[in-house]
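Working notes, structure below.
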Amino acid sequence: MSTAAGQISAAALRGWQLAELRGGQLHFTAADGLRRALKDGFFYVRQPAGTELSAGDRFARSFYLEGGGAGDGPRDPYRGFHRWTSEQLGRHQGYFCRDADQTEQFFLEKAWWDRVYPAALVQQAERMRDFALAVQRAVLARLDLPRELWEEATGHSLTPHGTHTLTFNHFRPEVAARGLNIHKDSGWVTVLRSTERGLEVDRDGDWCPIDPIPGTFIVNFGCAMEILMRHTATPVAAVAHRVVRQPPSGGAKPDRFSYALFVDSTLDDRVCPGLFAYEPGGGLRLEAGFGTFLDDILDNTYREDTTGLY
Ligand SMILES: O=C(O)CCC(=O)C(=O)O
Ligand SMILES: [Fe+2]
């Protein structure tokens with residue numbers, strides 16, 4: 001566990017990697033931390049100084065509850081978000097209640113944040129987005145990818161054209177189902193906030209629990225990063241992960257929640273045609289159309305009998 005001084009013990013890390021972002025660079029606690037994180041497909045990162053998570057945590061605990069509108073008594077601006085649908089907001093946006101998983105979710109891309117999220121949450125979302133992009137740049141700087149290719153290679157994800165989504169998960173313990181199906185995140189990096197156990201990652205066929213460490217986020221690498229770097233001297237694994245079923249506690253403890261800032265490529269095919277693989281010496285080769293790729297991963301994640309892998 002971490003101490004008041006912010007020390008995180010080797011025991012808490014259990015062999016996984018921990019980094020801090022300082023001056024735009026990632027400093028890992030282990031000498032070969034980056035190399036190992038690229039292989040693991042994720043790492044813990046210290047939250048930047050002054051990180052304020054109360055708006056996000058409050059939203060995660062209440063977005064699905066009644067009480068956010070007329071007729072429900074006093075309006076709570078953090079409730080009632082089950083009324084936002086993808087018909088109003090567009091594909092993969094808004095509230096989703098899954099059948100085959102315990103999760104109910106709220107997905108929202110940055111273009112909507114101002115109009116939908118409470119102001120304090122917009123501010124937190126923007127900070128998490130800026131942090132995620134800074135982490136992504138710091139990782140790219142250490143990969144076998146020429147800097148002049150970054151923008152095109154990463155589907156303009158580092159620019160305002162990128163798709164930047166803040167997604168919330170509420171795990172309903174009364175639903176007899178897996179927590180969240182096996183999947184890889186689709187894009188570049190994910191910055192994940194969770195406070196409860198339940199996340200597991202696939203390590204050579206074994207499922208390993210990844211417990212939250214106070215004061216840190218978990219950074220996952222996604223499919224886009226894995227595909228881009230697979231032929232280079234610095235391959236990056238997209239980590240396959242899942243959340244195990246959360247048992248009912250009879251009200252003894254709050255339901256598990258998590259939320260994450262996902263960095264994906266632009267969805268505008270006039271700006272970027274899709275996902276590339278980088279061939280050192282040869283340049284970028286188009287591997288897949290981005291829109292269909294994202295659709296497939298998401299569809300397969302939330303179906304009963306498939307996994308969100310590719
Ligand atoms: O709840 C968690 O710990 C993980 C959530 C996750 O993997 C996701 O939202 O993509
Ligand atoms: Fe995920």
Side-chain angles (χ1 to χ4, degrees), residues 14 16 37 40-45 47 53 56-57 59-61 63-64 81 92-98 100-109 125 128-129 132 135-136 163-173 175 177-203 207-214 216-226 236-247 253-264 293-303 306-310:
R14 302 217 225 137
W16 307 110
D40 296 339
F42 78 96
F43 58 95
Y44 293 93
V45 67
Q47 292 163 3
L53 298 171
D57 291 5
F59 190 88
R61 291 195 172 104
F63 71 92
Y64 49 89
F81 284 80
H92 306 305
Q93 302 293 301
Y95 176 82
F96 294 86
C97 188
R98 306 297 178 188
D101 301 83
Q102 286 183 315
T103 46
E104 56 186 333
Q105 300 174 296
F106 195 78
F107 287 77
L108 204 64
E109 205 278 326
M128 285 181 74
R129 189 262 321 272
V135 167
Q136 184 173 321
T163 307
H164 304 149
T165 306
L166 186 64
T167 294
F168 291 82
N169 297 303
H170 167 231
F171 295 81
R172 298 163 296 164
V175 175
R178 63 198 183 205
L180 179 60
N181 194 15
I182 303 166
H183 67 284
K184 294 181 173 185
D185 295 343
S186 57
W188 299 97
V189 300
T190 305
V191 171
L192 173 70
R193 157 76 169 166
S194 72
T195 58
E196 298 290 329
R197 307 178 65 186
L199 176 65
E200 295 185 345
V201 302
D202 177 3
R203 185 57 190 264
W207 287 106
C208 305
I210 303 300
D211 295 341
I213 298 178
T216 72
F217 294 119
I218 292 170
V219 174
N220 289 336
F221 297 120
C223 301
M225 186 75 101
E226 181 169 76
V236 182
V239 65
H241 55 287
R242 67 180 185 185
V243 178
V244 298
R245 180 173 170 179
Q246 300 298 298
K253 66 180 190 62
D255 296 348
R256 186 181 191 278
F257 71 80
S258 65
Y259 54 93
L261 191 294
F262 293 91
V263 181
D264 282 280
F293 185 81
L294 186 66
D295 285 353
D296 288 350
I297 288 256
L298 285 174
D299 288 349
N300 289 333
T301 298
Y302 300 112
R303 234 180 266 140
T306 51
T307 56
L309 304 175
Y310 68 98

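The analysis underlying the following values was restricted to heavy atoms, covering all of them including side chains, and did not include hydrogens, waters or symmetry mates. Counting starts at 1 for both ligands and their atoms, in listed order.
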Heteroatom proximity flag, Ser258 to ligand 1, N/O under 3.5 Å: yes
Is it the side chain, the backbone, both or neither of Asp185 that has a heavy atom closer than 4.0 Å to ligand 1? side chain
Aromatic ring proximity Phe96/Tyr302, centre distance under 6.0 Å: no
Does ligand 1 have any atom sitting under 4.0 Å from a heavy atom of Phe171? yes
Angle class for the Phe59/Phe81 ring planes (parallel below 30°, perpendicular above 60°, tilted otherwise)? perpendicular
Taking the side chain as everything from C-beta on, heavy atoms only, tell me whether Phe42 gets closer than 4.5 Å to Trp16. yes
Could you state the interatomic distance from NE2 (His92) to CG (Leu298), rounded to the nearest 0.5 Å? 5.0 Å
Only to 10 degrees, please: what angle do the NE2 atom of His183 and the NE2 atom of His241 make about the Fe ion (ligand 2)? 90°
Which atoms of ligand 1 are found less than 4.0 Å from any heavy atom of His241? 7 (O)
Specify the protein heavy atom at minimum distance from atom 6 (C) of ligand 1: its residue, its atom name, and the distance to 0.1 Å. Leu180 CD2, 3.5 Å
Non-hydrogen atom of Thr167 closer than 4.0 Å to ligand 1: no
Where is the nearest protein heavy atom to atom 9 (O) of ligand 1: which residue, which atom, and how far? Asn169 ND2, 3.0 Å
For the student: nearest non-hydrogen atoms of Phe168 and Gly56, plus distance: CE2-O, 3.4 Å
Can you tell me if Arg256 has a non-hydrogen atom under 4.0 Å from ligand 1? yes
Backbone N or O of Gln93 within a donor-acceptor pair of the Glu109 side chain at under 3.5 Å? no
Distance check, rounded to the nearest 0.5 Å: Asp264 atom CG versus Asp185 atom CG? 8.5 Å
Out of Thr195, Val243, Val201, Val244, indicate the one that has the non-hydrogen atom closest to atom 4 (C) of ligand 1. Val243
Nearest non-hydrogen contact to atom 10 (O) of ligand 1 from the set Gln105, Arg197, His183 belongs to His183
Below 30° counts as parallel, above 60° as perpendicular, anything between as tilted: where do the rings of His170 and Tyr64 land? parallel
Do you know which N/O/S atom name in Asp185 is closest to the Fe ion (ligand 2)? OD1
Applying a 4.0 Å heavy-atom criterion (strictly less than), which segment of Thr190 is in contact with ligand 1: side chain, backbone, both, or neither? neither
Closer than 4.0 Å to some heavy atom of Phe262 - which atoms of ligand 1 meet that? 8 (C), 9 (O), 10 (O)
Using non-hydrogen atoms of the residue, decide whether Tyr259 is closer than 4.0 angstrom to ligand 1. no
Residues Gly41 and Val239: closest non-hydrogen pair is O-CG1, 3.4 Å
Should the proximity of Ile218 to ligand 1, defined as any heavy atom under 4.0 Å, be assigned to the side chain, the backbone, both, or neither? neither
Just wondering, do Glu200 and His241 contact through their side chains at under 4.5 Å, heavy atoms? no
